[in-house]
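Here the structure comes first, spelled out in structure tokens, and everything after it is commentary.
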Amino acid sequence: MNEKELRRNQKGVSYAKWGYLFILPFFLAYFVFTFAPQVLTIYNSFFENYREGLKQVGPNFVGFGNYVKLFTPDKSGTINILKYAGNTLILWLLGAVPQILIALLLAIFFTSYRLNIKGQQFFKTVIYMPNLIMASAFSMLFFTLFSNVGPVNQLIQAWGWSDVPIDFFAYKGTVRGLISLMNFLMWFGNTTILLMAGIMGIDQDLFEAANLDGASSVQTFFRITLPLLMPILVYTIITAMIGGLQMFDVPQVLTKGKGMPDRTSMTLVMYLNNYLGGSKNYGMSGAISVIIFIITGILSLVVFRTLNKKD
Amino acid sequence: MKKLIASLLVLVLVFALCAPAAFADEPEGKVFNIYAWNEEFKGFFEKYYTVPEGVTVNWVIVPSDNGAYQDALDAALLNQADAKDDDKVDMFLAEADYILKYVDSDFTQDIQALGVNDFSNAYKYTVQAATDANGVVKGVSFQCCPSALIYRRSIAKDVLGTDDPAEVQAALSDWDKFNAVAADAKAKGYYMTASFAETFRPFSNNCTMPWVDADNNLQMDPQIEAWMAQTDEFIKNGYTLTAGVWDDEKNVQMFADGKTMCFFGPAWYFNFCMGNAQDPEKGCSGDWAICEGPAAHFWGGTWLLAPAGTDNPSMLADVMNTFINNEDVCTKLVANEAQFSNNMAVNAKFAADPSYGSAFLGGQNDVAVFSEMTDNIVWQNHTIYDQLLNEGLQNSLQEYYRGSVDQNTAMENFYLYVNEKYPTIVTP
């Protein structure tokens, strides 16, 4: 063994390079499929770039022109993109709040050694089921169910609750309600399973100790489960919110892309899609994407900060 | 060096363009790609066209909802020059509402140069629709689509006291009469039409100006405004339903227990949209008849267009010739498929044949009625924007008729939609 080799051996073996090598594929994929498109989207948002018929217009650099257009109030004084951002948040909250509450409750029931519910596997499978259906198929189903000549209206009329069919798609409340209900049904199973995993990760000794000390279920929940579950809960809320802000398929298919009534169920991504379909307006849809990105970033930070406060 | 490459490229291009004409006997592509938005023409093609040996026909079918068909077709056409021979679009279908977008572009080619020359039997408006601003014909339609007023005989008897087409026509020959009969129908417990947009085509086809003026300002034609005024009345008085023209809510009205007297549609409508009426159990086949109605108009129609750069030019020409000039095929389209063909001679034969009648229409000779109507059809005031503007206006106003918004808001929403789809159109 020569001197050089000896010296290297003395330094110890570094395994770090293997670590980097193993995470390389992820970073490559991330760079090519996520980072590069993101940068391109931002770049595109500064250009006028669309098609009229088969004629391509642009790309012409317009600076912040697309953003200015998006934030210019229309004749009635509404800044449309803010209206759609509001719609998106409302639709998400209407679905997400019950989703997380019920998922939390179910997760506690399923993991409680006191209740010891039988047939857990069965229930877990059943509540996860709606997630397996394609969102668009699920929306088509609801559209047919609740149409003026659909089964729900037939029942309502057969039971004598109303003589004329109820036009579920003519009211803001019912359309938003249906969208939230579908999102709730599709995602509460998934959240339940995530939260169960979180609760099962908590040391069982703590629950037993609390039990011995005479803590009630409510006390156990607020003093032990919730604080220790917080990291998972924050993760669940933030991922749900990112998904929620990108809400598209359910309202798009349910309202046939119209966001009816009066565009009150039009989400940000549906708005973006309006610009893409037909005119391939990459400039405007790029600008909307960037705005969605910024909104998502800010809201995630807010949620993270408020829920992760150190005592 | 650059110049050399450029001139070489031009030479190659010129050669490529001239090649099909220069070497007509050269073997053509093995794959014939057809773009369409539904299966209708595919059915006729498979039954009545004999594909040359060794050629595979590949159908690319994309539904037209939300403009998805045009998006897919546009992407393919824009990529046409770079596509491999077997992937090139060899023929595509287009509808009246957006045919202009393709006809008035370099993505389609002169079919007369390919050998489709005889339009003597084709209806004039079908050729006009496929002719570009310079007078070059770029496609043919395999059907002619004068749109008739289709009425339920039993309801007409109850409301008008007759189901005879001539007498019904006399009672519904203009919009004033039509509106008056709507009130009578309502009094007897019927709907005049089953969709707020049912009468859109009869009005919009007779527009006196295009959707946009020379400066690209959106303009509302008096005919469109007349349609809006009529629909307003019809909804308020309960003469029609708030369903769209394609909705289930309208279609259930075609069952025997339906309460609607009038529908509007061309020959393709019977098989394509009136499935409920033809239902053996719940339908009412035979209880129908047609007449011209209050306004001459056409609806839809499928044109076969010739894309530039196809590698199967002679087969393309052959398909086109078959569907407009082959008497045998055109006869079968009428006799077996309830089509109104785009061949005047064939149609005239059926119109004059006393033994011909449609069982669905209670024995009425529909070809005779349609033949008379073709004289009044005009092709005018079309733009490349027609489809999305017609659709957008109907969608926005539907919310008004359903009671969700007032008329002003509905129109504002329509303008928003136009701004999103066509940045260059100036809205009020």
Side-chain angles (χ1 to χ4, degrees), chain A residues 48-58 66 69-70 72 74-76 78 80 83-84 143-144 147-150 153-154 164-165 167-172 174-175 252-253 255-266 270-281 283-285 288, chain B residues 65-68 70-71 73-75 77-78 98 100-102 104-108 216 238 241-244 246-253 383-385 387-388 391-392 395-396 398-406 408-413 415-417 419-425 427-428:
Chain A
E48 175 189 55
N49 180 357
Y50 61 89
R51 229 188 271 154
E52 185 171 89
L54 285 159
K55 202 173 67 208
Q56 174 67 33
V57 178
N66 293 330
K69 229 183 268 172
L70 282 176
T72 309
D74 67 7
K75 263 162 290 170
S76 58
T78 345
N80 279 294
K83 176 179 168 181
Y84 308 136
F143 181 79
T144 320
S147 90
N148 280 356
V149 287
N153 262 313
Q154 283 171 8
V164 283
D167 198 343
F168 286 96
F169 297 98
Y171 306 104
K172 187 161 84 175
T174 42
V175 178
Q252 173 80 14
V253 176
T255 68
K256 297 198 170 157
K258 296 177 222 165
M260 64 212 170
D262 196 18
R263 297 188 160 218
T264 49
S265 57
M266 183 167 295
M270 285 168 74
Y271 184 48
L272 184 158
N273 187 58
N274 280 356
Y275 280 105
L276 273 187
S279 56
K280 297 262 172 273
N281 197 330
M284 291 298 275
S285 38
I288 298 172
Chain B
D65 297 0
N66 283 322
Q70 289 181 65
D71 286 349
L73 176 61
D74 292 356
L77 289 177
L78 288 165
Y98 54 83
L100 207 61
K101 170 176 157 190
Y102 298 102
D104 263 342
S105 80
D106 295 334
F107 294 92
T108 44
N216 244 16
L241 296 169
T242 56
W246 305 105
D247 289 353
D248 280 348
E249 194 185 346
K250 170 192 157 178
N251 292 336
V252 294
Q253 288 291 327
T383 68
I384 61 169
Y385 313 116
Q387 186 195 25
L388 291 188
E391 246 179 51
N395 286 341
S396 293
Q398 186 177 25
E399 293 191 7
Y400 162 55
Y401 299 132
R402 281 177 132 167
S404 312
V405 296
D406 59 37
N408 249 339
T409 315
M411 288 311 286
E412 290 302 327
N413 284 339
Y415 299 146
L416 282 181
Y417 170 85
N419 296 336
E420 283 160 12
K421 292 297 176 196
Y422 298 112
T424 52
I425 296 183
T427 52

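Convention: sequence-line order gives letters A, B, ...; per-chain numbering from 1.
If you measure heavy-atom distances from B:E249 to chain A, the contacts under 4.5 Å come from both the backbone and the side chain. The part of A:K75 that comes within reach of chain B is its side chain, from C-beta onward, which places non-hydrogen atoms under 4.5 angstrom from that chain. For A:D262, the parts sitting under 4.5 Å from any heavy atom of chain B are the backbone and the side chain alike. There is no contact between B:D106 and chain A, counting heavy-atom distances below 4.5 Å. Only the side chain of A:Y50 comes within less than 4.5 Å of a heavy atom in chain B; its backbone stays farther off. Residue B:Y400: no heavy atom, backbone or side chain, is found under 4.5 Å from chain A. For a residue to count as touching a neighbouring chain, one of its non-hydrogen atoms must lie under 4.5 Å from one of that chain's; by this rule A:K256 touches chain B with backbone and side chain alike. Heavy atoms of A:N281 lying under 4.5 Å from chain B belong exclusively to its side chain.
Closest of all the heavy-atom pairs between B:S105 and A:L54 is OG-CD1, 3.8 Å. Closest heavy-atom contact between A:P261 and B:S404: CB-CB, 3.5 Å. A:N273 and B:K421 get closest at one heavy-atom pair: O-NZ, 4.5 Å.
No side-chain heavy atom of B:Q398 sits under 4.5 Å from any side-chain heavy atom of A:F169. The shortest side-chain heavy-atom distance between A:D74 and B:E412 does not fall under the 4.5 Å cut-off. Between B:L78 and A:Q56, every side-chain heavy-atom pair lies at or beyond the 4.5 Å cut-off.
When only modelled atom types and interatomic distance are considered, B:Y385 and A:E52 share a side-chain donor-acceptor pair under 3.5 Å.
Rounded to the nearest 0.5 angstrom, A:N148 CG and B:T242 OG1 are separated by 5.5 Å. Atom CG in A:L276 sits 11.5 Å away from atom CD in B:E420 (nearest 0.5 Å).
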